Amino acid sequence: MKRVTEKDAYEVIRSAGSKGLLQSDLWRSLNTNSREGSRIATKLEKKGLVRRTKELCDGRWTYRLYVDERTQVSDVLWCTLNHCPCFTCKNLSQCGVGHSVSPNNCIELDKWLIDQVAEKNGKETLDESEEKTN
Ligand code: SF4
């Protein structure tokens with residue numbers, strides 16, 4: 001079974017948009033099992049990054065997951081650019097929207113932004129929680 005990171009799960013949930021997705025669809029998308037999917041969804045909820053609402057599906061209770069609008073990356077205070085990976089990135093000069101290196105698909109930038117949201121909400125950053133599980 002593939003090791004799933006919180007960032008992987010967050011991206012799947014975020015890509016579902018305002019309709020969200022069922023927790024069972026999350027773990028299927030991540031090619032993992034229900035236990036791991038549930039564990040990660042719960043952690044993201046505790047960090048304030050996603051919202052879970054109970055939903056009856058095919059006669060069974062499950063959860064629908066949404067990226068919480070209150071924690072969208074646009075909420076990040078841009079005055080907190082401290083440690084932004086772009087400032088020390090060796091690819092900065094080639095990076096741009098539409099280029100092969102782009103902020104639209106940069107894992108380092110995504111991770112930093114997610115951590116900014118977590119810190120803003122007074123939650124653990126991804127690094128802190130990954131350290132505890134390792
Ligand atoms: S978005 Fe990513 S690749 Fe582009 S400069 Fe920032 S860290 Fe580097």
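When a ligand or atom number is given, it counts from 1 through the structure's own listing order. Below, each value reflects all heavy atoms present in this structure, side chains not excepted, and no hydrogens, waters or symmetry copies. The model shown is predicted, which means the values in this text are computed figures rather than measured ones.
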| said: Check Glu36 with Arg39, please: is the shortest side-chain N to carboxylate O separation under 4.0 Å? | reply: yes
| note | Check: of Asp110, Thr88, Leu92, min heavy-atom distance to atom 5 (S) of ligand 1 comes from Leu92
| query | Which of the numbered atoms in ligand 1 are below 4.0 angstrom from a heavy atom of Leu109? | reply | 1 (S)
| query | Are side-chain N/O atoms of Gln23 and Arg64 paired as donor and acceptor at under 3.5 Å? | reply | no
| request: Report the nearest protein non-hydrogen atom to atom 6 (Fe) of ligand 1: residue, atom name, distance rounded to 0.1 Å. | output: Cys86 SG, 2.3 Å
| task | Would you mind listing which atoms of ligand 1 come within a distance below 4.0 Å of any non-hydrogen atom of Pro103? | result | 1 (S)
| request: Have a look at Cys106 and tell me which of Leu109, Asn104, Asp110 forms a side chain to side chain contact (heavy atoms under 4.5 Å, CB included) with it. | output: Leu109
| task | For atom 4 (Fe) of ligand 1, state which one of Ser102, Cys106, Cys95 supplies the nearest heavy atom. | result | Cys95
| said: Before you tell me yes or no, could you show the steps for Tyr10 and Val50 under side chain to side chain contact (heavy atoms under 4.5 Å, CB included), namely the whole-Å CA-CA distance, both residues' side-chain angles and the distance that decides it to 0.1 Å? | reply: CA-CA 8 Å; Tyr10 181 81; Val50 303; 4.3 Å; yes
| Where the side chain of Ser29 meets the backbone of Asp25, is there a donor-acceptor pair that is under 3.5 Å apart? | yes
| Which residue holds the protein heavy atom closest to atom 3 (S) of ligand 1, what is that atom called, and what is the gap in Å? | Val101 CG1, 3.4 Å
| query | Which heavy atom of the protein is the closest neighbour of atom 8 (Fe) of ligand 1, given with residue, atom name and distance? | reply | Cys89 SG, 2.4 Å
| said: Apply side chain to side chain contact (heavy atoms under 4.5 Å, CB included) to residues Leu65 and Arg51 and explain how you reach the verdict. | reply: CA-CA 6 Å; Leu65 307 166; Arg51 181 167 49 90; over 6 Å; no
